[in-house]
Student: 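Have a look at this one before I ask anything.
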Amino acid sequence: MDTDRLPGCYRHPDRDTGITCTRCERPICPECMISASVGFQCPECVRGGSGTGHRPSANAARTIAGGVVAEDPQLVTKILIGINVAVFFAGLLAPGLVVQLGLLGRYVEYFGGPVRGVSTGEYHRLLTSVFLHVEWWHIISNMIALWVIGGPLEAALGRTRYLAVYLLSGLGASALVYLLSAPNAPTVGASGAIFGLLGATVVLARRLRYEMRPVIIMVVLMLVLTFVPFGGAVRVSWQAHVGGLITGALVGLGMLTPTAAKHRALVQWGTCAVVFLLAAALIMLRTAELT
């Protein structure tokens, strides 16, 4: 028997760790550890509270980003997958949904018809397009990626911060597509937002001092696959993937940069506001160009 081997995490026995909970002294891996005033605590001990009589939110378990540790740490990811799947089936029943809600900068649906698109004020398309898919391979591959990448990230950030990364990444992806693509080229899909989650995951891995090579290899591989042509009614958009990746990394930096607790919310939500304004500036620039 190897007596020099580190103990396994009490929740993930296959993960060796040298960190223990400061309250119950059980071994915990980086995914389970929660920052405390001194050292780290396990989720169960933090949920138990400190017994000081403070309101429940004061003793709530916190993620590395300061979010509340939820009983179901992947609930938002499940809801997002459910919404995407529901919209996909709705699109099968009403094929015109893609034209009505997809990302199109400026187009005329039929000769002599009205001009439609984001440039005419239909800004909802920038986000509704993120939940649209038209091919089986498209929805299946994106939902698998959302589950694999999004689940662990949601557990690390907390629900609200994770949702902010997802939505802002989707917006950033759409903004770059709108800016650089032909205005009448339809673009739909969650891949831009998922690339944003991947960008935030890179930041998380660096913050937790994980081995970076597997994460970097994943990013490079997904970017390479971005430029492989696929069939189907709607193209794979490199603009969406690159825009989402950059946006997610920027928001992830704001969420995960070590900051004093009293300034954390200001830094995190301030970063979100700045990223939103940058995306809005690109959108306004393109709108002015098209009109």
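Every heavy atom of this structure was used, including side-chain atoms; hydrogens, water molecules and symmetry mates were not. Residue numbers count from 1 along this sequence.
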Student: Quick one: list whatever passes side-chain hydrogen bond (donor to acceptor under 3.5 Å, both in side chains) with Gln74, sequence neighbours left out.
Tutor: none
Student: Quick one: pull up OH in Tyr178 and OH in Tyr123 and give me the separation to the nearest 0.5 Å.
Tutor: 6.0 Å
Student: Quick one, Arg125 with Gln100, criterion side chain to side chain donor-acceptor pair (under 3.5 Å). Give me CA distance, side-chain angles, the key distance, then yes/no.
Tutor: CA-CA 8 Å; Arg125 293 175 178 269; Gln100 298 298 319; 5.1 Å; no
Student: On a heavy-atom basis, which atom in Ala240 and which in Ala173 lie closest, and how many Å separate them?
Tutor: O-CB, 3.2 Å
Student: How long is the span from the CG atom in Leu266 to the OG1 atom in Thr259, to the nearest 0.5 Å?
Tutor: 9.5 Å
Student: Atom CG of Leu204 and atom CG of Leu153: how far apart are they, to the nearest 0.5 Å?
Tutor: 6.5 Å
Student: Taking CZ in Phe276 as the centre, count heavy atoms belonging to other residues, nucleotides or ligands within less than 6.0 Å. Is the count above 12?
Tutor: no
Student: How long is the gap from NE2 on His124 to CG on Leu103, to the nearest 0.5 Å?
Tutor: 10.5 Å
Student: In Å, rounded to the nearest 0.5 Å, how long is the span from OG of Ser141 to CD1 of Ile194?
Tutor: 7.5 Å
Student: Mind jotting down which residue pairs meet the salt bridge (Lys or Arg N to Asp or Glu O under 4.0 Å) criterion with at least one end in residues 68-83? Sequence neighbours excluded, please.
Tutor: Asp72-Lys78
Student: So, for His133 and Phe88, is the gap between ring centers shorter than 6.0 Å?
Tutor: no
Student: Excluding sequence neighbours, so at least two apart, what forms side-chain contact (heavy atoms from CB on, under 4.5 Å) with Val130?
Tutor: Tyr166, Ser174, Ala193
Student: Mind checking the CZ-CD1 spacing from Arg206 to Ile216? Nearest 0.5 Å is all I need.
Tutor: 9.0 Å
